[in-house]
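Inspection log for the structure reproduced underneath, given as structure tokens.
Letters A, B, ... are given to chains in the order of the sequence lines, protein chains preceding strands, and every chain is numbered from 1.
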Amino acid sequence: MQCDLCILKPHQSHQSQISSSVHYLLVTEIISAADPKMKRFRFDLSLFILLGFCMLFSPAVSSLVISQLDRKIDLSSHIVRSTVSLKVENNGDDSVSEVLLPFTEKQAKSLAFLTASIGEGKGKAKGSFDSVPLKPVNPEGMNPKLTWYSVSLRKELLKGGSITLEVKAVYAQILRPFPEKITQADVQLVSFEESACYLSPYAVNVQLLTVKLPEPKVESYTKLDISKFSGSEIKYGPYENIAPFSSIPITVHYVNNHPFSVARELVREIEISHWGNVQVTESYNLVHAGAEITGEFSRLDYQARPHVRGASAFRNLVAKLPPRAHSIYFRDEIGNISTSNVWSDSTKTLLEIEPRYPMFGGWRSSFTVGYGLPLQDFLFLSEGKRVLDISFGCPMNEVVIENLTVKIVLPEGSNDISASVPFPIEQQSQETKFSHLDMVGRPVVVLEKKNVVPEHNQHFQVSYQFSNLSLLREPIMLVFGFFLFFVACIAYAHADLTISKSSSSYLSKLQWDEVQTAIQQFQNVMNRCLIIHDKLEASLRDLSRTGDLQTCKAARKAADSTLKELSKELKPLLSFLQSSSQATQLLPKVDELVSKEKELQEKLMLKHSTVTDSYEKKSGGREIENRVASIQQKISVLRQEVDDLLEVIDI
Amino acid sequence: MAAPETPPTSSLRYAFGNVLSIFILLLIGVLAFSIRLFSVIKYESVIHEFDPYFNYRVTQYLTKTGVYDFWNWFDDRTWYPLGRVIGGTVYPGLTLTAGSLWKILNSLNIPLSVETVCVFTAPIFSAFASWAAYLLTKEVKGVGAGLTAAALLAMVPSYISRSVAGSYDNEAVAIFALIFTFYLYVKTLNTGSLFYATINAMAYFYMVCSWGGYTFIINLIPMHVLLCIVTGRYSSRLYIAYAPLVVLGTLLASLVPVVGFNAVMTSEHFASFLVFIVIHVVALVYYIKGILTPQMFKVAVTIVVSVGLIICVAVLAVLIALVASSPTKGWSGRSLSLLDPTYASKYIPIIASVSEHQPPTWPSYFMDINVLAFLVPAGIIACFSPLSDASSFAVLYIVTSVYFSGVMVRLMLVLAPAACIISGIALSEAFDVLTRSIKYQFHDKTENPQLSAGDTSNNSKTDEVKMEKSEDSLKERSSRKNKKKAKDTEKASVISRIEQRLLVLPFEVSLIAIFLLVLLGAFYVVHSVWAAAEAYSAPSIVLTSHSHDGLHVFDDFREAYGWLRHNTEVDDKVASWWDYGYQTTAMANRTVIVDNNTWNNTHIATVGTAMSSPEKAAWEIFNSLDVKYVLVVFGGLVGYPSDDINKFLWMVRIGGGVFPHIKEPDYLRDGQYRIDSEATPTMLNCLMYKLSYHRFVETDGKGYDRVRHTEIGKKYFKLTHFEEVFTTHHWMVRIYKLKPPRNRIRGKTKKSKTQKASSKRSGAKKNPWR
């Protein structure tokens, strides 16, 4: 069921169904399309099988004759491309509406891509070829090892009519390296097996086969009667009048140093962001599928003569990305790979990547390439739906992909999703991906296909519905989240988280707070007292300097009054402290402090009055000093004690 | 005198100051985070160095399999064929931190890879560390010093070297844990709150989880407690700060598998228990002193002291006997090399071979802490005026860490926060003094021009006026509910009142001094940014060089690891010198023989012996170890100096330490290590030489080694037992495969020969795996 052109559109409504049912529907439809007579039975599979047996002796096959067949096989890379142009004539009586194309088992296994186009009768102009749908069929009575495809003609081929059919087939991994293991210095030889005459259920009048080689070097090729090797081409034929199903096996063993780059697995993730970006991430699991290297790998040899010692190896891959691709990266699981280059112009972006090491036969590597694309280039609005139109295959040159998974991650909140791919794929399913701050997850359309070649690099479409308002969901969520956070902070700062307001510990804490306040006020008062003491001292010093007795006395008066005020202030505080039960430990200290301060005050006053007296009596400086000395000593001792006490009561 | 206006403005100023300091802290956090991003911007978001790769691998395992599997993880990818029990031998703090960070982010649907989380863990935690430094310094010397210290710590080069983005190392979170534990200790000491004491034990637990350096905490705090007791600063707060930490902390520490019973058995923890006993005795003495009268107390002291001394001596004797019975005196090798700096070089070459275990040179102090080295003495002086419990702790911290940093260059990391805190105090005090003197004189000049000619007494007068003002405002403020802060400032004001008159400097002098200090700070910033950008941001797995045609990238290590990862069998064993073990398991996902966790000296010596043996003997050793590939690092082509040839003498030394037939003098010509034509034949025939220089001569015809700056001695030779399977682009990593053993068809004569050969050297301890 590899190749037909049946587009999946009819099944868009069955997206959610499991794949097998899709498959089943596909099969039924294919068969019914193959034979219009069966259309009425398509609703029942068992009926179809029954009727399939009735079709055993279908007469359609033999009335056609291929009058001329020109076959070109291009072996220049590791992907084999064959182009067959058939001139089909109807010699029978009935009109024919389909042409059958058989493939051998081996071909069918590696057949990756198949198209057919029809040129109208005589018109030789190449431009007039129209592609026609192809369906896999299973005509009974034929060799079961063959795989059949049928080309349904748009117009039935009437008797005597002729038509030119061009069939393009692409085979991946059909070339066999021989020998399978080579050393670093050897060139890579591959063998290609084919039949010199085209496998056809119809008789062929004239046929010609051209095999194009990459280099004019061939190790050996099967020599037939009419075969010619010239330049890099081998020609077989023309052979005439060949019976149906005839086959002449030929083998071409030739030099092919083309990179046999095969991705065992490729996962392309296309993530759409409606903020303006399509992010494509491609993770490759690459292998050089040519002849395996055996023995030593010498870097010296490789560096000295890379084209001789390492002819089969490839160093880099070139990817053709869409124009305006940006933020391109190339890395693997252990970090960035620094060997890459980008060229860009208005039609494309060329990305040249070099894996960490040159890829010799059998060597593997895995890496990830990612890039961003502008959204407006790939997303369109049609009939109220958004349609993503982006290429399916991988952008690398000449890479065969064994298993390709394309994941299209749509924005959160999109619905009514349907995908249409211009060729059949193995599986289509849907999953959900959680990414940046998602609540319900983003719908992901997963498309899987095996054996993908560059010819599959066609655009496919995913359509979905999406409301622009959903874009604001995450920013609003963030804003709201932060808002809540700040509100919570404010609430916490203002809330009283005490468990019980009547509990003794809470009450005692309150009391303790009050005591602390009182103590602080007390300390303040004390400090101010001390400052006034300082002022008194200063006035004395001024006196000694200027001899201005009046100011000194004035200062003393002022000090006296303030001190009195302060002691008044002190009274309620002290009484409060005495009454409070919490302050019992502190009380003796406080009392002591008060008394010491009083004493200090007295002494200071004494000193002050002594000094002023002496000044009035005009006694000498030394005399004053002598008289004051003892008081001064006491003062300094007291001052020290007061300071200490102040620190002690400091809680 | 606008006295009535002052209260509202000052409270506004207070609130504004609070907001400002929070804002500054935020900026410091941003600074600490962003200064460490140079490596990501200049290179890429990738794990650096060797050890981080192991941590990264463990984190990957943790996130993949969950925490229970992580505890039971037996890693068979390393130390083949022994393996390693990762869960029981690793400090899980960093891994669990990053793992839970990743889990939280993913549960919020923020799809960050484990690698990204690992890369950015260190910068995040350095922001936390600078906040912790703020808290600690605030407890010691107030908010200003705290902010300065936090800013300094945010960009101290020593810490940057271990915490740039991608440097996913234990130290990155451990320094935060260290400072935070100290903060909680000092906080408990200042408040006497049991709540903080409990949190402190938890922080200590986190530190034990994160780093082996936790022994520093469990020795420093007892030392400080002892200091407090000896200097007569015992208080109930000290008891609350210490006793719960020892009990809870030891219990919690023994929950960490890698510590386990070591928390009570090894000598590293001995000091904490001793001090635990001492503090109880002291507490008891204080209690009894409270009960008894002085005379009774004196009698009691004489009795208790005489009895207690006898018991103490007996207990000590038993303890010493116990400790002395173990060969290392109960200390681990690493700790011993701290106490005796010559220990490692004498007995454990494997510790000595690591460059970060060498003692630092003077330039490295300047490189790593820069101007802080000059500020530290000033800060210590500032801590002594006045000396509080907290500031004595800061002094003790700096003194001990200076010693440890002198022993091992790696412990510069412990010194850095201490230096930042002390320098923060110094700078803040200096600015305090200078700005204050400017401010007062400024006021003198503008407000009181008539007093401008005044002397100090005038100044003091204006001071007093100001004091009055501020105290009025204080009174207003203290009537508010929130008084803690007010009290602090008031206390400060009381103290400063005494000092102010002493500490007023002339206007011009202070202006110049401020200018010079700012210049010093600017120099520090410039140096730190340079260090962060140039010196410490290069991931060692990607090398770059600037040549005339632009930047050249040497990505050979990852090229080789990538090749191994994809092009060898999953179970192949790769032998290399232990430096590359972690990277090989993490990046190439292949089994290695030895790795950077150097727990088995014999195993490493085996690899060292193989590398220094001739080809055939080496092949036998490797073959017996199931080795399939041998990886050597060779810098001779591009001039990469830390390659295996330069490390080779350590392989010889370590190999020779276990297998005596490898003798270091055999590899030296007249005591000189050389690889040119003068080199000894043993040297020229050993495996390391051959693998490094295989076909090297063909590159330039002479075989000129760009690291050793000489032509190699033996130029043309063929490998008989190994074959080259991969060499990277710049030849920095060369991978060889062991050739399969030869067929034994015509083996009779050969066999007898080899038997003879083996019997000849059967006396030597050749190959432990046969």
Worksheet item: Once the angle between the rings of A:Y357 and B:H566 is folded into 0 to 90°, is it parallel (under 30°), tilted (30 to 60°) or perpendicular (over 60°)?
Response: tilted
Discussion item. Surrounding CZ of B:F195 (heavy atoms of other residues, nucleotides or ligands, distance under 6.0 Å), is the total greater than 12?
Written reply: no
Worksheet entry | Under 4.5 Å from a heavy atom of chain B, the part of A:S366 involved | both
Worksheet item: With respect to chain B, which residue among A:G362, A:G335, A:A304 yields the maximal number of heavy-atom pairs within a distance under 4.5 Å?
Response: A:G335
Discussion item. Please identify, among A:D332, A:D301, A:T339, the residue contributing the most non-hydrogen atom pairs under 4.5 Å to chain B.
Written reply: A:D301
Worksheet entry | A:R299 (side chain) donor-acceptor with B:W731 (main chain) under 3.5 angstrom | no
Worksheet item: So does A:M439 have more than 12 non-hydrogen atoms from other groups sitting under 6.0 Å from CE?
Response: no
Practice prompt. Would you name the heavy atoms of A:E296 and B:H694 that are closest together and state the gap between them?
Written response: OE2-NE2, 4.4 Å
Worksheet entry | Proximity breakdown for A:N285 and chain B, heavy-atom pairs closer than 4.5 Å | neither
Practice prompt. Would you mind telling me which of A:L300, A:D438, A:L437 has the largest number of heavy-atom pairs within less than 4.5 Å of chain B?
Written response: A:L300
Practice prompt. Tell me, yes or no, whether the heavy-atom count around A:K181 atom NZ, taken from other residues, nucleotides or ligands under 6.0 Å, exceeds 12.
Written response: no
Practice prompt. Would you mind checking which part of A:Q184 comes under 4.5 Å of any heavy atom in chain B, side chain (CB onward), backbone (N, CA, C, O), both or neither?
Written response: neither
Fill in: Shortest non-hydrogen contact from B:Y561 toward A:I334
CB-CD1, 4.4 Å
Discussion item. Using every non-hydrogen atom in the two residues, find where B:E44 and A:N336 come nearest and quote the distance to one decimal.
Written reply: OE1-N, 2.5 Å
Worksheet item: Just wondering, more than 12 heavy atoms not from B:K42 lying within 6.0 Å of its NZ?
Response: yes
Fill in: When B:E115, B:E698, B:H729 are compared by non-hydrogen pairs under 4.5 Å with chain A, the top option
B:H729
Item to complete: Check for a donor-acceptor pair, side chain of B:N109 on one end and backbone N or O of A:F434 on the other, with a separation under 3.5 Å.
Response: no
Worksheet, complete the sentence: Tightest non-hydrogen contact, residues B:D555 and A:S338, listed as OD2-OG, 3.9 Å
Worksheet item: Centroid-to-centroid, A:W363 to B:F726, below 6.0 Å?
Response: yes
Discussion item. With chain A as the partner, which of B:V725, B:V542, B:I735 has the greatest number of non-hydrogen pairs under 4.5 Å?
Written reply: B:V725
Worksheet item: Can you tell me how far the CD atom of A:Q303 sits from the OG1 atom of B:T727, to the nearest 0.5 Å?
Response: 9.0 Å
Practice prompt. Flag yes if more than 12 heavy atoms outside A:K433 fall under 6.0 Å of its NZ atom; otherwise flag no.
Written response: yes
Discussion item. Check B:R565 with A:E333, please: is the shortest side-chain N to carboxylate O separation under 4.0 Å?
Written reply: yes
Practice prompt. Quick one: pull up NE2 in A:H436 and CG in B:L108 and give me the separation to the nearest 0.5 Å.
Written response: 12.5 Å
Fill in: Most chain A-contacting option - heavy-atom pairs closer than 4.5 Å, from B:R558, B:E723, B:M587
B:R558
